[in-house]
Amino acid sequence: MFRFAHPEYLYLLFILPALLIFYIYIVRARKRAIRKYGAPELIASLMPEASPKRQRLKYFLLFLAIIAVIFIIAGPQFGSKLETVKRQGIEAMVCLDVSNSMLAQDITPNRLEKAKQMLSRLTDDLNNDKMGLIVFAGDAFTQLPITSDYISAKMFLSSINPSMVSTQGTAIESAINLAMRSFTPDESAGKTIVIITDGENHEGDAVQAAAAAAEKGVKVNVVGIGLPQGAPIMLGSNNNYMKDNTGNVVITQLNETMCQEIAQAGKGLYVRADNTNSALRALQNELGKMSKSEIESQVYSDYDEQFPILAWIALVLLVTEFLTSERKNRLFRKVKLFS
């Protein structure tokens, strides 16, 4: 398994576009300065040793060296030893509604993004627990099998969008049934299902599915996301809203009654998510009260550092950049490799 020991340093990659823009600015400023003295073609004949391509090559080498150095700082590693470890934790399957109604902006920035932010913070709070992710609209699909790899969980979470499920709807029953099949066979592990939905246009008997899960000792917690008064569904940008067959703007509302019924049947918690973090704290407290049992996980215990390879690459790039002159060598002026 590949990982970065310090992935936060990868944010330094955002300086690369700025460096590229700065280089373009320098090149254009140099051309403007040359035009002040005459036609560029005439000036070029007066500077036969000048080589713009060599200058671009030097900058390109330096650009690649900076990328390599950033990756070195982030600490690339490969897992070298896989071990089975036993930890005290719970198993949680998260079922996230990705129907188009989750694009409504009654919750900032919209219902789906708010749900993803909440789940990301919930993942940060997990400790020795296992988590899986199911996305659903008119059907339900496993996005991430139950795992203790929180880095992968957050990576999959960031890529979620309504286009992942082509069939529209809110198949909560299918999501609950799929979640029940996704837990490990370990009967001693504490198990729970967390459903995040606006509950609109639901299909099937979600209440019965939640009750069946509760009978097997799996609590079904529901986070209702949205506001009862509702909001239009924005599609794309430029204030383009979803409309019905008659041309009227569709207003999607939180079906709080149904969400409460599912949570009650599943003997779990119901909480409404708004623009505060109260829902997140309530969910964290609910999961924290669950009895934790011994869970086996496959984890990498040893990692081999991979930075020496990148260090050699960066060194070669920097040495090559240093040895590459911005001007043509007089002895090789007729060679057209860099001219």
Side-chain angles (χ1 to χ4, degrees), residues 3-11 14 74 87-99 101-136 142-162 164 172 175 179 182-183 190-199 219-227 254 256 259 262-263 266 268-292 295 297 299:
R3 74 170 189 181
F4 287 102
H6 307 287
E8 62 274 12
Y9 288 113
L10 294 177
Y11 286 112
F14 286 115
R87 299 170 172 173
Q88 295 291 323
I90 64 171
E91 295 183 8
M93 286 300 302
V94 177
C95 302
L96 178 58
D97 188 349
V98 294
S99 58
S101 61
M102 292 289 285
L103 296 176
Q105 296 180 338
D106 48 354
I107 302 296
T108 305
N110 62 43
R111 296 175 182 176
L112 182 58
E113 289 302 318
K114 177 66 176 181
K116 290 163 64 173
Q117 292 171 8
M118 185 170 64
L119 286 178
S120 179
R121 294 187 60 182
L122 182 65
T123 302
D124 293 335
D125 193 56
L126 295 177
N127 184 24
N128 297 333
D129 304 307
K130 284 188 174 183
M131 174 184 174
L133 183 60
I134 291 172
V135 294
F136 69 92
T142 300
Q143 175 75 356
L144 178 70
I146 195 161
T147 180
S148 56
D149 184 357
Y150 306 139
I151 296 177
S152 295
K154 297 189 74 170
M155 180 183 67
F156 278 102
L157 184 63
S158 64
S159 64
I160 290 176
N161 61 79
M164 301 180 69
I172 299 178
S182 302
F183 290 113
K191 298 179 174 67
T192 186
I193 297 174
V194 178
I195 301 173
I196 303 180
T197 180
D198 55 21
K219 284 188 176 182
V220 180
N221 303 295
V222 181
V223 178
I225 189 158
L227 299 178
L254 169 64
E256 194 160 32
C259 292
I262 295 174
L269 167 76
Y270 170 75
V271 61
R272 182 175 30 157
D274 50 25
N275 290 312
T276 68
N277 293 321
S278 57
L280 173 63
R281 291 192 293 268
L283 189 57
Q284 288 173 330
N285 292 335
E286 184 68 17
L287 298 183
K289 291 188 296 185
M290 291 184 60
S291 58
K292 300 181 182 293
I295 296 177
S297 301
V299 298

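Index from 1, following the sequence. Keep in mind the model is a prediction, meaning the values are calculated, not measured.
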Next item on the list: Please say which of D149, D124, T123 ends up in a side chain to side chain donor-acceptor pair (under 3.5 Å) with K154.
Entry: D124
Check: In Å and rounded to the nearest 0.5 Å, what is the SG to CD1 distance from C95 to I193?
Finding: 6.0 Å
Item checked: Separation of D97 CG from F136 CZ (nearest 0.5 Å) -> 4.0 Å
Item checked: Side chains of V271 and S278 in contact at under 4.5 Å (non-hydrogen atoms) -> no
Next item on the list: Could you check if a side-chain atom of V222 sits within less than 4.5 angstrom of a side-chain atom of C259, using non-hydrogen atoms only?
Entry: yes
Next item on the list: Side-chain contact test, heavy atoms from C-beta onward, threshold under 4.5 Å: evaluate it for E91 versus S182 and give yes or no.
Entry: no
Next item on the list: Using atom types as modelled and distance alone, determine if a side-chain donor or acceptor of N127 lies under 3.5 Å from a backbone N or O of D125.
Entry: no
Notebook entry, point to check: Considering residues at least two apart in sequence or located in another chain, which fulfil the side chain to side chain contact (heavy atoms under 4.5 Å, CB included) criterion with L144?
Noted result: L133, T147, A153, F156
Item checked: Separation of I90 CD1 from K219 NZ (nearest 0.5 Å) -> 11.0 Å
Check: So, for A263 and Y270, which heavy atoms are closest and what is the spacing to 0.1 Å?
Finding: CB-CB, 3.7 Å
Check: Any side-chain heavy-atom pair from I107 and L227 closer than 4.5 angstrom?
Finding: yes
Notebook entry, point to check: Any side-chain heavy atom of Y150 within less than 4.5 Å of one from D129?
Noted result: yes
Notebook entry, point to check: Roughly how far, to the nearest 0.5 Å, is CG of L269 from CG of N285?
Noted result: 9.5 Å
Next item on the list: Check salt bridge (Lys or Arg N to Asp or Glu O under 4.0 Å) between E113 and all other residues, then give those that pass, not counting sequence neighbours.
Entry: K116
Check: When rounded to the nearest 0.5 angstrom, what is the spacing between CE in M131 and CG in L119?
Finding: 5.5 Å
Next item on the list: State, with a plain yes or no, whether a side-chain heavy atom of L287 is found less than 4.5 Å away from one of L122.
Entry: yes
Notebook entry, point to check: To the nearest 0.5 Å, what is the distance between CD (Q117) and CG (L280)?
Noted result: 11.0 Å
Next item on the list: Could I get the full list of salt bridge (Lys or Arg N to Asp or Glu O under 4.0 Å) partners for K114, not counting sequence neighbours?
Entry: none
Next item on the list: For the residue pair F14 and Y11, categorise the inter-ring angle as parallel (less than 30°), tilted (30 to 60°) or perpendicular (more than 60°).
Entry: parallel
Checklist line | Partner of I134 under side chain to side chain contact (heavy atoms under 4.5 Å, CB included), chosen from I195, V98, T142 | finding: T142
